[in-house]
Amino acid sequence: MSIALSEQEIIRRESLQQLRALGINPYPAEAFDVNAWAQDITDNFNNKPEAYQNVVIAGRIMTRRIMGSASFAELQDSTGRVQIYLKRDDICPGEDKTLYNTVFKKLLDIGDYIGVKGYVFLTQTGEISVHVRELIVLSKSLKPLPVVKREEDGTIHDGFTDPELRYRQRYVDLTVNPNYKQIFINRSKVISSMRNYFNAQGWMEVETPILQPVHGGAAARPFATHHNTLDMPLFLRIANELYLKRLIVAGFDGVYEFGKMFRNEGMDRTHNPEYTAMEIYVAYKDYIWMMAMVEECLETVAKAVHGIPVVQVGNNEINFAGPYEKLSMYDSILKYTGIDVSAMDEAGLRETCKELNIEVNPTMGKGKLIDEIFSAKVEHNLIQPTYITDYPIEMTPLAKKHRTKDGLVERFELFVNGKEIANAYSELNDPIDQRERLEEQLILAGRGDDEAMAMDDDFLRALEYGMPPTSGLGVGIDRLVMLMTNQSTIQEVLFFPQMRPEKKAKVASADDFINAGVPAEWVPVLNKMGFNTVEELKAGNPNKVFNDLGGMRKKLKLDITMPAKEVVMAWFE
RNA sequence: GAUUCCGUAGCUCAGCUGGUAGAGCAUAACACUUUUAAUGUUGGGGUCCUGGGUUCGAAUCCCAGCGGGAUCACCA
């Protein structure tokens with residue numbers, strides 16, 4: 001980021017002052033009530049022209065084509081763009097043509113918000129346009145927007161495409177690339193349709209703590225923080241599972257929460273340090289019931305976004321209408337590798353990994369080895385929604401042991417387009433079994449596994465009072481939105497993805513320079529020369545600075561007196 | 001974390017085997033009463049990401065750093 005204002009920014013600030021000098025408030029306080037929107041006008045004018053003879057619209061000026069005493073501009077509001085037509089003598093009926101000649105032509109810029117009253121008509125070339133009778137300045141823009149040119153056939157010139165700028169300045173991105181707004185509108189539809197579906201079943205939306213003394217419910221590295229008054233460590237939640245289960249203990253039949261989770265781990269195109277999860281717990285149900293619920297729920301969501309349950313994702317057409325294919329973990333490996341691992345011990349699994357060219361290390365136990373084979377050979381094949389069921393017990397400390405299969409738990413994960421998007425259990429409600437499983441996690445933690453689950457004594461106490469049989473489900477909302485909007489990176493479905501902080505150059509205030517003896521009018525010149533702090537100036541060569549000041553004075557055609565050489569020398573003392 | 005590519009005007013980008021920076025849009029001035037990537041004429045605008053090095057000379061070559069992208073690894 002440049003420190004000094006660019007030429008265009010200086011000109012806009014001057015325009016701002018000139019507007020004020022003309023008695024025009026560039027930031028008026030009064031409400032400006034509109035009665036029409038761009039999309040409504042362009043969609044419906046031809047059918048009902050009489051309804052658009054007194055329109056009031058507001059938005060940003062996005063393009064201008066000035067032709068003497070008439071001009072065209074495009075106004076962009078929340079719904080789209082509509083062309084406006086301004087004629088000097090129409091907006092300035094009297095002798096005074098300032099509003100057109102000076103305000104519109106000189107002092108307004110691309111990006112400024114204006115309000116307009118007029119009537120809609122068809123130009124000679126057939127474009128629906130608003131003929132302006134009145135124009136009011138609503139907000140002056142001081143930074144030039146990137147200008148993205150679009151041809152009628154959709155060709156884009158000079159697109160604003162740099163991902164860094166788009167993510168850091170999402171407000172600019174969505175202004176000049178309004179097509180991306182649809183992703184976020186669809187994100188909102190995913191969440192609201194899911195919420196409506198849950199509410200219709202009678203389940204209750206709740207909120208549970210984000211600041212937790214014990215980071216339970218998942219295996220991940222947390223963000224740590226500290227509460228001053230209580231003088232205690234706290235963690236930003238990595239999951240809310242254990243709190244929602246406490247509410248089932250408390251006697252609610254169904255509770256759910258949409259919320260941010262925080263994981264202190266790597267970032268890539270499917271991981272952001274804070275992300276949104278939806279977790280739901282329903283009493284007296286099991287994971288088999290949950291599969292049917294998920295099918296109905298996701299079909300509802302897909303229809304809310306697209307009108308049909310089929311969604312185009314990359315090159316695949318994905319059908320969210322159930323029932324989905326169900327494969328046990330072992331059967332899925334058998335299906336895609338031809339190898340039956342169900343009866344293998346750790347040594348056998350290790351040998352199988354070697355044959356399949358899967359890298360393993362000695363710390364991996366049985367569950368982890370099976371997971372490695374699954375990730376390498378099965379996962380990417382699961383394009384249509386598929387439930388993988390019945391996981392090895394080792395990696396799942398919160399799920400109930402399988403009703404018939406030894407060594408497995410009642411769990412499923414839903415895979416779509418080769419990625420996991422949901423995870424569900426018949427929840428473990430045996431408090432003694434639960435305590436033993438968490439103790440095993442403690443042993444792992446003791447061995448240095450910083451992602452092992454922590455002991456949560458209060459959660460165990462709650463279970464000891466008794467939790468009904470319950471099924472629980474977690475859905476990664478960001479990844480679901482990626483599927484529903486056909487996006488391949490999580491950044492595109494987050495308004496403000498996490499970024500490294502921008503480097504900010506240190507800039508001394510003008511007063512600091514003045515205190516050092518620099519006349520006020522010369523401060524901007526020094527800034528222009530690259531001296532942003534008094535220290536930087538003092539580090540410079542006094543004679544060179546003196547000579548350069550003269551050079552800058554000439555170059556910038558400054559009408560200010562040159563300081564005496566002794567004055568300049570004094571800056572360096 | 002590894003590999004690799006990128007960083008030049010407000011934006012999108014050129015810039016060759018090293019010789020003191022260019023284009024389009026935006027911007028400024030003038031002209032123009034139905035244009036639409038408006039047009040015509042003229043002008044202004046740069047810490048070539050930062051810091052070192054090589055060289056008579058670096059946007060360009062080398063090293064380090066910062067920021068970003070992609071791929072991979074890590075990650076229920």
Side-chain angles (χ1 to χ4, degrees), chain A residues 1-12 14-15 62-74 81 83-90 100 105-106 109-111 121-127 129 131 142-153 155-168 172 176 217-221 238-239 263-271 273 277 359 367-368 371 374-375 379 388 391 395-399 411 413 420-423 450-451 453 474 476 488-489 491 499-503 505 527-532 555-557:
Chain A
M1 286 193 95
S2 69
I3 300 123
L5 293 177
S6 71
E7 182 191 33
Q8 293 190 45
E9 290 173 294
I10 292 164
I11 288 166
R12 286 184 180 219
E14 283 167 358
S15 299
M62 296 306 284
T63 64
R64 283 198 303 173
R65 294 178 285 278
I66 296 171
M67 285 155 301
S69 57
S71 294
F72 292 92
E74 281 177 279
R81 292 187 186 187
Q83 178 167 274
I84 61 173
Y85 174 66
L86 296 97
K87 217 162 139 182
R88 184 186 61 203
D89 296 338
D90 284 356
Y100 182 79
K105 278 170 71 174
K106 308 278 187 198
D109 292 288
I110 287 173
F121 74 112
L122 224 48
T123 64
Q124 282 178 7
T125 51
E127 172 131 359
S129 305
H131 191 125
L142 297 182
K143 283 179 104 58
L145 284 172
V147 175
V148 177
K149 298 259 182 183
R150 284 183 179 78
E151 285 186 70
E152 210 134 316
D153 63 8
T155 316
I156 291 176
H157 303 269
D158 300 331
F160 182 69
T161 54
D162 182 342
E164 177 170 8
L165 289 174
R166 286 188 48 231
Y167 301 152
R168 285 196 197 280
V172 174
V176 304
R221 282 194 290 271
I238 57 175
R263 296 192 179 182
N264 207 340
E265 288 169 351
M267 293 162 58
D268 60 29
R269 65 183 192 288
T270 54
H271 295 82
E359 269 188 56
K368 183 73 184 162
D371 192 52
F374 177 80
S375 302
E379 207 173 311
I388 299 297
Y391 284 63
M395 295 180 67
T396 316
L398 301 172
R411 171 186 185 181
E413 288 189 320
E420 178 216 334
I421 64 158
N423 182 21
D450 54 2
E451 287 179 351
M453 257 181 233
S488 57
T489 73
Q491 282 112 322
M499 302 286 276
R500 283 201 163 78
E502 285 180 83
K503 239 191 325 190
N527 289 342
K528 190 88 187 164
M529 284 161 62
F531 297 112
N532 292 313
K555 189 179 169 198
L556 299 174
K557 301 193 185 87

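Atoms considered below: every heavy atom in the structure, side chains included; atoms not considered: hydrogens, waters and symmetry mates. Proteins get letters first, then strands, A, B, ... in listed order; numbering begins at 1 in each.
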Pairing partner (Watson-Crick or G-U wobble, both distances under 3.5 angstrom) of [N]:
| N | result |
| --- | --- |
| B:rU39 | B:rA31 |
| B:rU12 | B:rA23 |
| B:rA70 | B:rU3 |

Across the strands shown, which category fits [X] at heavy-atom distances under 4.0 angstrom: base, sugar-phosphate, nothing?
| X | result |
| --- | --- |
| A:R411 | base |
| A:I66 | base |
| A:Y391 | nothing |
| A:E413 | nothing |
| A:E14 | nothing |

Give, for atom [atom1] of [X] and atom [atom2] of [Y], the distance between the pair rounded to the nearest 0.5 Å.
| X | Y | atom1 | atom2 | value |
| --- | --- | --- | --- | --- |
| A:T489 | A:R269 | OG1 | CZ | 9.0 Å |
| A:N423 | A:I388 | CG | CD1 | 12.5 Å |
| A:D162 | A:R168 | CG | CZ | 10.0 Å |

Euclidean distance for [atom1], [N] against [M] (whole angstrom):
| N | M | atom1 | result |
| --- | --- | --- | --- |
| B:rA9 | B:rA14 | P | 12 Å |
| B:rG7 | B:rA59 | P | 15 Å |
| B:rC63 | B:rC5 | P | 11 Å |
| B:rG45 | B:rU33 | C1' | 32 Å |
| B:rA23 | B:rC61 | P | 23 Å |
| B:rC62 | B:rA21 | C1' | 23 Å |
| B:rG15 | B:rC75 | C1' | 43 Å |
| B:rG40 | B:rU20 | C1' | 33 Å |

Roughly, in whole Å, what's the span from [atom1] in [X] to [atom2] in [N]?
| X | N | atom1 | atom2 | result |
| --- | --- | --- | --- | --- |
| A:K105 | B:rU27 | NZ | C1' | 16 Å |
| A:R64 | B:rU33 | CZ | P | 17 Å |
| A:L5 | B:rU47 | CG | P | 13 Å |
| A:E164 | B:rC5 | CD | P | 19 Å |
| A:M62 | B:rC25 | CE | P | 18 Å |
| A:I110 | B:rA37 | CD1 | P | 15 Å |
| A:F160 | B:rA9 | CZ | P | 14 Å |
| A:D162 | B:rA9 | CG | C1' | 15 Å |

Which of these nucleotides, [options], is closest to any side-chain atom of [X]?
| X | options | result |
| --- | --- | --- |
| A:S129 | B:rU12, B:rU35, B:rU33 | B:rU35 |
| A:R500 | B:rA26, B:rA38, B:rG67 | B:rG67 |
| A:E420 | B:rU34, B:rA76, B:rU12 | B:rA76 |
| A:N423 | B:rA26, B:rA76, B:rC11 | B:rA76 |
| A:P397 | B:rG68, B:rU34, B:rA76 | B:rA76 |
| A:D268 | B:rG67, B:rA38, B:rC74 | B:rC74 |
| A:T489 | B:rA70, B:rU35, B:rA26 | B:rA70 |
| A:R269 | B:rU71, B:rC13, B:rU34 | B:rU71 |
| A:M67 | B:rG24, B:rU34, B:rG67 | B:rU34 |
| A:V147 | B:rU34, B:rG68, B:rA26 | B:rA26 |

- prompt: Any donor-acceptor pair under 3.5 Å linking the side chain of A:Y100 with the backbone of A:A70?
  reply: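 The answer is yes, because a donor-acceptor pair under 3.5 Å joins these two groups.
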- request: Using the six-membered ring wherever Trp is involved, compare the ring planes of A:Y85 and A:F72 and label them parallel, tilted or perpendicular (cut-offs 30° and 60°).
  value: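 Tilted, since the angle between the ring planes falls between 30° and 60°.
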query: Of the options A:I110, A:V176, A:D158, which is the one that meets A:V147 in a side-chain contact (heavy atoms from CB on, under 4.5 Å)?
result: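 Option passing the side-chain contact (heavy atoms from CB on, under 4.5 Å) with A:V147: A:I110.
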When only distance counts, do a donor and an acceptor, one from the side chain of [X] and one from the base of [N], lie under 3.5 Å apart?
| X | N | result |
| --- | --- | --- |
| A:Q83 | B:rU35 | yes |
| A:Q8 | B:rA26 | yes |
| A:E7 | B:rG44 | yes |

If you compare all heavy atoms of [X] against all heavy atoms of [Y], which two are closest, and at what distance to 0.1 Å?
| X | Y | result |
| --- | --- | --- |
| A:R166 | A:F160 | CD-O, 3.5 Å |
| A:S129 | A:T123 | OG-CG2, 3.3 Å |
| A:R64 | A:K105 | NH1-O, 3.7 Å |

query: Where each residue is assigned the nucleotide of RNA chain B containing its nearest heavy atom, which of A:S69 and A:T396 is assigned the position nearer the 5′ end?
result: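 Result: A:S69.
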According to a strict under-4.0 Å criterion, is [X] in side-chain N/O contact with OP1 or OP2 of [N]?
| X | N | value |
| --- | --- | --- |
| A:K106 | B:rC30 | yes |
| A:K149 | B:rG24 | no |
| A:R65 | B:rA38 | yes |

